[in-house]
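So that the names make sense, note that chain A is the first sequence line, chain B the second, and so on, each numbered from 1. This one's a predicted model, so the numbers in the text were calculated from it and none came from an experiment.
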Amino acid sequence: MTSLAVSDHQAETATPAKVIQPVWVRIVHWTNAFAMILMIMSGWQIYNASPLFGFTFSRSITLGGWLGGALLWHFAAMWLLMVNGLVYLALGFATGRFRKKLLPITPGGVIADTKAALTFKLSHDDLSKYNSVQKLLYAGIITVGVVIVLSGLSMWKPVQLHWLVSLFGGYDIARYVHFTCMALIVAFLVIHVALALLVPKSLRAMIIGR
Amino acid sequence: MGRLRKLLIPGVDKKLLVRDAVKTMPELTRRRFITAGTSLGALTLLTGCDVVDSSSAEELLKKVSKFNDAVQAWMFNPDALAPTFPESAITRPFPFNAYYDLDDAPVIAGADWKLEVRGLVENKKPWTLDELYKLPQVKQVTRHICVEGWSAIGSWTGTPLRDFLKIIGADTRAKYVWFQCADKDGYNSPLDMRTALHPQTQMTFKFADEILPRAYGFPMKIRVPTKLGFKNPKYVLSMEVTNDYKGGYWEDQGYNSFSGS
């Protein structure tokens, strides 16, 4: 940890400090993190009322205490998640951030960067530029985020939004889609947090901007 | 019997559900302890269910739930029909589901039963089952969606509630039709008038073309395919047309009151 902190310091003095994460990105990022955790933990409690698979989530990691409480949390946090998500998408497109940061994604680039990452040769010198693996993961998780909201809406309003349910192939399939997206987000979260801890200056950039 | 119920509701561990529900009973000491520290900061440090016991968080959640009632009322399209299915899609056996065991389900003698009609209606005459059976009936095969997440397709036959409301001269400008039922501990539930007037909202007398069995609510159930299952009262004793929000068995415990689908 000490050596990493030292290298952070060197990086800071070597290049003039520039804003890596603009303030709007930082705000929506942490708002999303908060909303997402509420959604996941309350979602696990809701899942427990009628499990899709042969397991349930321990009550120590769920939110709401019982189905009714979890539903209150889930349908409250959903507004925060949705409004914040829409702001993120709107600004991401409007500012050109998505285009600049996430494109292009090429298969060759992804393979080369995956190899580099696995052999610890991937450079983190310029945090404002995403490598191909990051581009793929971030574009992927944004898509998953859109799908989990749409599948959730279709389960919330299967009659009023029956066209959306049909899009997923029916109510029961929408439940599995919703669960799968949750699993993908949790998997992403584990990797995302692990890497942020391995490269602390990236975490710092998401807190103070540079 | 326990094993049978488990089979009837695929994937639902009833024991677990009951255990969860019991654990939620308010625990004043725990509640007071946590209330003081509720804030965004406390939430980020949350350790599972404890946060929900905080009364300020609870108040906020109740407010959002009321807001969600309004949003759902706004989204509700009185002409949008719940999807219907072919008879082959009917779930067999259709699950029995309640907050009590099937053994504890109400036993009602059809010959003695009368539907009480109260509130803002012109004709408050009680209705016998024979009289109700003479009203025109329609059949629907629709999906019953439980608040727990599972769903099942069933076939229900009966009289559209809006036709009956017209017959008894109900004031359909009133806000609610409030049902009281024979379930133990006195199940009741309010139904917003727009949903009560929805073409598929039905006073149900038959399931799968047979007289409604005890398990599904004999002698009469209210089938509301645009609501979650818990807002489909069974073993109905009375209906009251009213402008007052009188609460409901599950609604009072925290389930969202509109709970539209």
Side-chain angles (χ1 to χ4, degrees), chain A residues 30-31 33-35 37-38 41-80 82 153-163 165-166 170-176 178-179, chain B residues 9-13 16-17 19-26 40 43-44 46-53 57-58 60-65 67-68 71-72 75-77 80-83 142-143 145-151 153 198 200 225-228 250-251 253-256 259-261:
Chain A
W30 291 111
T31 307
F34 176 65
I37 287 168
L38 293 184
M41 291 176 64
S42 57
W44 287 346
Q45 181 74 51
I46 296 167
Y47 165 96
N48 284 356
S50 178
L52 291 171
F53 305 100
F55 66 90
T56 55
F57 295 95
S58 160
R59 284 184 85 252
S60 61
I61 51 165
T62 65
L63 177 64
W66 73 296
L67 175 61
L71 287 166
L72 288 176
W73 278 104
H74 211 67
F75 291 134
M78 76 170 180
W79 293 112
L80 189 61
M82 270 202 298
L153 282 175
S154 77
M155 285 153 63
W156 184 47
K157 288 281 154 275
V159 174
Q160 306 306 324
L161 305 178
H162 57 87
W163 49 273
V165 185
S166 310
Y171 178 83
D172 290 330
I173 297 172
R175 291 182 74 199
Y176 284 95
H178 201 63
F179 183 92
Chain B
I9 308 164
V12 180
D13 188 339
L16 199 96
L17 187 71
R19 210 175 57 203
D20 271 7
V22 169
K23 276 182 186 164
T24 63
M25 296 303 153
L40 214 68
L43 288 179
T44 52
L46 47 91
T47 53
C49 61
D50 285 343
V51 166
V52 85
D53 293 332
E58 218 166 77
L60 180 68
L61 291 176
K62 272 187 198 161
K63 275 185 195 146
V64 179
S65 192
F67 170 72
N68 285 341
V71 172
Q72 294 176 88
M75 283 180 86
F76 177 77
N77 175 355
L81 297 181
T142 49
R143 185 186 293 275
I145 296 174
C146 181
V147 66
E148 294 168 341
W150 57 269
S151 74
I153 294 170
H198 185 273
Q200 287 171 312
T226 56
K227 294 280 192 201
L228 292 179
W250 282 114
E251 290 86 345
Q253 295 179 57
Y255 283 171
N256 173 265
S259 283
S261 44

- Message: Please enumerate all residues that pass side chain to side chain contact (heavy atoms under 4.5 Å, CB included) together with A:Ala33, with sequence neighbours excluded.
- Response: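 A:Ala33 satisfies side chain to side chain contact (heavy atoms under 4.5 Å, CB included) with A:Trp30 once adjacent residues are dropped.
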- List in chain and number order the residues that pass side chain to side chain contact (heavy atoms under 4.5 Å, CB included) with B:Ser65, two or more places apart in sequence or in another chain; answer none if no residue qualifies.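 Applying side chain to side chain contact (heavy atoms under 4.5 Å, CB included) to B:Ser65 gives A:Leu72, B:Asn256.
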- Supply the atom-to-atom distance A:Lys157 NZ to B:Thr226 OG1, rounded to the nearest 0.5 angstrom.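 Going from NZ on A:Lys157 over to OG1 on B:Thr226, the span is 9.5 Å.
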- Query: Which atom pair, heavy atoms only, marks the closest approach of B:Gln253 to A:Trp66?
  - Reply: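 Between these two residues, the closest heavy atoms are O-CZ2, 3.1 Å.
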- Minimum heavy-atom separation for A:Gly68 to B:Tyr255, with atom names?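 For A:Gly68 and B:Tyr255, the tightest heavy-atom pair comes out as CA-CE2, 3.5 Å.
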- Message: Using side-chain heavy atoms (C-beta onward) and a distance below 4.5 Å, is B:Val64 in contact with A:Met78?
- Response: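 Of all side-chain heavy-atom pairs linking A:Met78 with B:Val64, none is under 4.5 Å.
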- Check whether any side-chain heavy atom of A:Val159 lies under 4.5 Å from a side-chain heavy atom of B:Phe76, and answer yes or no.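 They are not in contact (no side-chain heavy atoms under 4.5 Å apart), so the answer is no.
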- Heavy-atom pairs under 4.5 Å with chain B are the metric here; pick the option from A:Phe75, A:Tyr47, A:Trp156 that has the most.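 Option with the top pair count is A:Trp156.
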- B:Leu60 versus chain A, the contacting section by heavy-atom distance below 4.5 Å: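 Looking at B:Leu60, nothing touches chain A.
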- Query: Which bit of B:Val147 is near chain A, if near means a heavy-atom gap under 4.5 Å: side chain, backbone, both or neither?
  - Reply: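 It is both, since atoms from each part get that close.
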- Query: If you tally heavy-atom pairs under 4.5 Å against chain A, which of B:Gly254, B:Ser259, B:Gly149 wins?
  - Reply: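 The residue among B:Gly254, B:Ser259, B:Gly149 with the greatest pair count is B:Gly149.
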- Task: Step by step, work out the side-chain contact (heavy atoms from CB on, under 4.5 Å) result for B:Ile145 and A:Met155.
- Result: CA-CA 9 Å; B:Ile145 296 174; A:Met155 285 153 63; over 6 Å; no
- Message: Under a 3.5 Å distance rule, please check whether A:Gln160 uses its side chain to pair with a backbone N or O of B:Asn77 as donor and acceptor.
- Response: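 A pair under 3.5 Å: yes.
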- Query: Do the ring planes of A:Trp79 and B:Phe67 sit parallel (below 30°), tilted (30 to 60°) or perpendicular (above 60°)?
  - Reply: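 A:Trp79 and B:Phe67: perpendicular rings.
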